[in-house]
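Quick note on labels: first sequence line is chain A, next is B, and so on, each numbered from 1. Because the structure is predicted, anything quoted here is derived from the model rather than measured.
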Number of protein chains: 2
Amino acid sequence: MGSSTGGRPPVMADVAKAAGVSHQTVSRVLNDHPNVRAETRSRVLEAIDLLGYRRNMVARALVTRHSRTLGVVSFDTTLYGPASTVYGIEQAARDAGYFVSIVSLRTIDRAGVRDAINYLIEQGVDGIVVVAPQRSAAGALEDLSPGIPIVAVEGGHSVQVPVVCVDQAEGARLATDHLLKLGHETVWHIRGPQDWLEAEGRVEGWRGALSAAGRDIPEVLSGDWSPRSGYEAGKLLAGMAGEVTAVFVANDQMSLGVLRAFTEEGVRVPEQISIVGFDDIPESEFFSPPLTTVRQDFGAVGRHSIDVLLGQLEEGAAKVLERFVVPPDLVVRGSSAPPGA
Amino acid sequence: MGSSTGGRPPVMADVAKAAGVSHQTVSRVLNDHPNVRAETRSRVLEAIDLLGYRRNMVARALVTRHSRTLGVVSFDTTLYGPASTVYGIEQAARDAGYFVSIVSLRTIDRAGVRDAINYLIEQGVDGIVVVAPQRSAAGALEDLSPGIPIVAVEGGHSVQVPVVCVDQAEGARLATDHLLKLGHETVWHIRGPQDWLEAEGRVEGWRGALSAAGRDIPEVLSGDWSPRSGYEAGKLLAGMAGEVTAVFVANDQMSLGVLRAFTEEGVRVPEQISIVGFDDIPESEFFSPPLTTVRQDFGAVGRHSIDVLLGQLEEGAAKVLERFVVPPDLVVRGSSAPPGA
DNA sequence: AGTGAGAATGTTAGCGATAACACTACCGAA
DNA sequence: TTCGGTAGTGTTATCGCTAACATTCTCACT
């Protein structure tokens with residue numbers, strides 16, 4: 001490693017000595033300061049290369065008071081939605097020259113979110129993105145005095161921090177209207193778990209579309225996002241195959257469970273019952289039949305959340321409490337058709 | 001915020017003044033040093049609470065030379081495998097009192113991995129986990145002089161760093177033997193992309209099981225892990241429905257594509273062709289039919305990689321080049337059955 | 001040649017914490 | 001009483017870097 005630094009990793013002073021300049025000049029080269037002679041710059045760069053010098057960002061962060069690291073608080077990053085969002089955030093952050101530190105919560109509650117945020121602030125992150133899809137998590141955003149920029153993803157109507165989200169209600173409306181336009185009398189719904197804001201937005205949009213069209217609003221079935229819960233709801237619906245002709249399921253995984261239940265019970269999709277899901281996971285296109293669903297652009301959500309965060313970082317006191325809404329898209333495939341088709 | 005620190009966040013000296021002690025005593029309280037009188041300790045804690053003081057971990061890291069942060073380099077964390085592994089790593093790290101900084105690579109190559117590692121070292125991480133499922137990524141581990149502990153997940157037979165991995169070949173053997181034991185004459189295989197070590201381990205295990213049983217080794221079909229590539233391979237196989245009775249597919253997503261292709265072509269599973277997948281994603285149980293597959297315990301992989309890393313951190317010079325192999329499990333479901341069943 | 005503006009470089013003083021050592025009490029043993 | 005040991009606390013130096021200011025050098029213009 002270091003040619004002549006006695007085993008320990010070289011520091012700026014070692015480079016300075018090797019290049020015959022002061023450590024400040026090395027710092028200037030590293031920070032692209034304009035007032036450095038080209039010849040000096042290259043001598044410094046050579047010395048850096050020779051010694052294998054790496055800047056100590058910790059020391060730098062101490063004096064600049066910026067770590068160029070952003071914190072992300074999320075919940076169960078093995079789920080497709082959170083995983084995609086976090087991925088989008090990480091990519092956008094890196095493109096902007098920032099690092100990302102992640103805290104994945106096992107269970108979500110006010111205390112957990114608050115601790116995670118404090119934890120990240122102690123670490124010296126410059127800003128925090130909270131992927132807070134549950135009401136309880138969003139609640140935690142209300143009682144904090146961060147002193148640093150925070151943005152929530154899917155964070156409900158919190159008044160404390162800016163929010164970036166997909167228009168869940170609009171997505172549900174697209175799905176429901178699509179089924180109504182196909183000629184279905186009404187549309188049933190399997191919703192996501194109680195505490196989730198996304199689940200509630202989707203219920204709201206579905207209900208809104210039905211009442212706007214003056215249709216009956218069937219009783220809501222409940223799931224927990226898992227294929228199994230969809231399967232169970234599907235078994236129930238299969239028993240009402242005459243009555244039910246269209247179902248809007250709150251996510252694609254549950255839709256898969258519904259499809260499985262229908263297959264087992266001999267209910268044909270879409271001939272007897274049409275299904276529309278939500279998320280457009282990579283698998284949905286290859287379900288049997290391929291699933292009509294609502295696509296969420298998680299990448300856009302990630303990018304916007306970083307934009308908003310960096311905006312706050314630069315504006316400083318501006319503290320814009322914007323609400324950035326990403327529109328969803330309907331993707332029509334084989335699982336939806338006119339009734340009795 | 002700070003009651004009397006003039007707007008800026010309080011520092012240790014402010015707490016010291018408020019509690020009427022020296023800053024060193026505050027530090028001792030914070031670090032649970034034994035030689036502090038109980039009364040003093042509580043006075044300090046009170047002052048901390050009063051001022052809303054939070055320790056500056058950046059300054060701490062500078063002097064202790066430990067950040068209690070680990071770096072993770074991964075590839076496409078929206079895929080189930082990497083996402084689950086990273087999740088396991090994050091949980092294990094946090095349980096051990098460490099933070100996690102993530103770099104998700106978009107494309108994987110030597111330079112990308114090397115840069116990511118350097119990037120993390122500059123940030124002052126105490127150790128790095130490289131989730132390096134491709135040969136090219138694993139290669140990057142060979143030409144680095146990190147100076148800090150590194151462990152590879154699925155990193156091949158690299159001699160430079162310890163490796164934690166799932167026994168891919170063994171999983172493939174389980175899958176293949178299962179199909180042979182059901183009475184199939186031989187087993188076809190749809191492999192994963194060329195550069196992936198996991199894909200190669202699975203091919204190897206499949207081929208090994210067939211030759212051990214003295215069976216013909218059919219030509220290998222290739223996919224890229226995506227459902228679409230499985231679909232395309234499935235179309236091909238469907239055309240040989242007489243000849244082919246069993247297929248071992250290198251992952252569950254491709255299996256879904258195969259199932260879709262077979263459904264379209266009227267090939268019944270498992271009656272005409274049996275299918276076994278790999279990964280046991282949450283969806284597989286609800287495929288039609290439910291997929292027989294090989295489960296990988298990603299959580300265990302994450303935990304072990306952290307164990308190995310922390311081991312290196314504590315041992316220091318020990319530099320044990322262990323290789324930790326997590327055994328896979330066969331999960332039998334409806335997609336596999338005796339031929340012509 | 002003398003001057004002054006600006007470019008190029010050096011010097012010093014922190015950032016906020018811990019480490020190392022110094023010091024004061026207070027204790028029991030000699 | 002004196003001494004050594006230790007618990008409790010304070011003082012100073014230091015981690016590796018950048019900010020702010022100080023200094024030198026260069027060159028166009030008088």
Side-chain angles (χ1 to χ4, degrees), chain A residues 2 5-45 47-48 51-69 121-126 147, chain B residues 2 5-45 47-48 51-69 121-126 147:
Chain A
T5 56
R8 92 179 136 58
V11 298
M12 203 173 260
D14 299 317
V15 176
K17 185 144 47 120
V21 297
S22 77
H23 63 121
Q24 182 59 262
T25 298
V26 177
S27 172
R28 288 195 181 99
V29 170
L30 254 26
N31 293 311
D32 286 322
H33 189 99
N35 293 352
V36 178
R37 202 149 40 102
E39 195 264 348
T40 308
R41 179 187 309 278
S42 66
R43 226 168 54 233
V44 168
L45 290 175
I48 287 175
L51 297 180
Y53 168 75
R54 272 193 283 245
R55 172 154 56 169
N56 182 329
M57 299 303 259
V58 173
R60 177 173 216 259
L62 179 60
V63 57
T64 60
R65 298 148 163 304
H66 300 300
S67 58
R68 293 201 79 78
T69 297
I121 293 177
E122 270 192 0
Q123 285 294 310
V125 298
D126 293 342
Chain B
T5 56
R8 89 178 140 57
V11 298
M12 203 173 260
D14 299 317
V15 176
K17 186 144 44 125
V21 297
S22 76
H23 64 121
Q24 182 60 266
T25 297
V26 177
S27 171
R28 288 194 181 99
V29 170
L30 254 27
N31 293 308
D32 287 321
H33 190 98
N35 293 351
V36 178
R37 203 148 40 101
E39 197 264 349
T40 309
R41 179 186 309 279
S42 65
R43 226 170 54 236
V44 169
L45 290 176
I48 286 176
L51 298 181
Y53 169 74
R54 270 195 286 247
R55 174 155 53 169
N56 182 328
M57 299 304 255
V58 173
R60 177 175 217 255
L62 179 60
V63 60
T64 61
R65 307 163 108 62
H66 300 300
S67 59
R68 292 201 79 78
T69 298
I121 293 177
E122 272 192 0
Q123 285 294 311
V125 299
D126 292 344

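The side chain of A:V63 lies closest to D:dT18, out of D:dT18, D:dC15, C:dT9. Of the candidate nucleotides D:dT9, D:dG16, C:dT9, D:dT9 has the atom lying nearest to any side-chain atom of B:T40. Closest approach to the B:R65 side chain among D:dT9, D:dT18, D:dG16 is made by D:dG16 (side chain taken as heavy atoms from C-beta onward). Among the nucleotides C:dA17, C:dA8, D:dC15, the one closest to any side-chain atom of A:N35 is C:dA8. Residue A:H23 has its side chain nearest to D:dT18 when only D:dC17, D:dT18, C:dA17 are considered.
Across A:V15, A:V44, A:T25, A:I48, a single residue satisfies side chain to side chain contact (heavy atoms under 4.5 Å, CB included) together with A:L30, and that is A:I48. Remark: of the listed residues B:L62, B:N56, B:V58, B:T64, B:T64 is the sole one forming a side chain to side chain contact (heavy atoms under 4.5 Å, CB included) with B:R60.
Residue A:T64 places no side-chain N or O under 4.0 Å from the OP1 or OP2 atom of C:dC15. In this model, the phosphate group of C:dT9 is not approached by any side-chain N or O of A:S22 to a distance below 4.0 Å at OP1 or OP2. In terms of phosphate contacts, A:Y53 brings a side-chain nitrogen or oxygen within less than 4.0 Å of OP1 or OP2 of D:dC17.
The interatomic distance linking B:L62 (CG) with C:dT18 (P) rounds to 11 Å, in whole Å. In this structure, B:Q24 atom CD and D:dT12 atom C1' are separated by 11 Å, rounded to whole Å. Taking atom CZ of residue A:R43 and atom C1' of nucleotide C:dA8, one finds them 12 Å apart after rounding to whole Å. Distance CG (A:L30) to P (C:dT9): 15 Å, rounded to an integer number of Å. What separates CD of B:E39 from P of D:dG8 is a distance of 12 Å, to the nearest Å. A:R37 places its CZ atom 11 Å from the C1' atom of D:dT26, with the value rounded to the nearest Å. Note: NE2 (A:H33) to P (D:dA19) measures 10 Å, nearest angstrom. With rounding to whole Å, B:H66 atom NE2 is found 13 Å from D:dG16 atom P.
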Problem set entry | Residue pair A:R8, A:D14: steps toward the side chain to side chain contact (heavy atoms under 4.5 Å, CB included) verdict | CA-CA 11 Å; A:R8 92 179 136 58; A:D14 299 317; 2.9 Å; yes

For this session: With side chain to side chain contact (heavy atoms under 4.5 Å, CB included) as the test, would you mind laying out the steps for B:L51 and B:K17 before giving the verdict?
Result: CA-CA 11 Å; B:L51 298 181; B:K17 186 144 44 125; over 6 Å; no

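Closest of all the heavy-atom pairs between A:Q123 and B:T69 is OE1-OG1, 3.5 Å.
Counting any heavy atom pair closer than 4.0 Å across all strands shown, B:N56 reaches sugar-phosphate atoms only and no base atom. Here A:R55 lies in heavy-atom contact (under 4.0 Å) with sugar-phosphate atoms only. Within 4.0 Å of B:V21, counting heavy atoms only, lie sugar-phosphate atoms of the nucleic acid but no base atom. Across all strands, B:R28 comes closer than 4.0 Å to base atoms (heavy-atom distances).
Between the base of D:dG16 and the side chain of A:R54 there is no donor-acceptor pair shorter than 3.5 Å.
Side-chain atoms of A:R54 never come within 3.5 Å of backbone atoms of B:E122 as a donor-acceptor pair (strictly under, hydrogens ignored).
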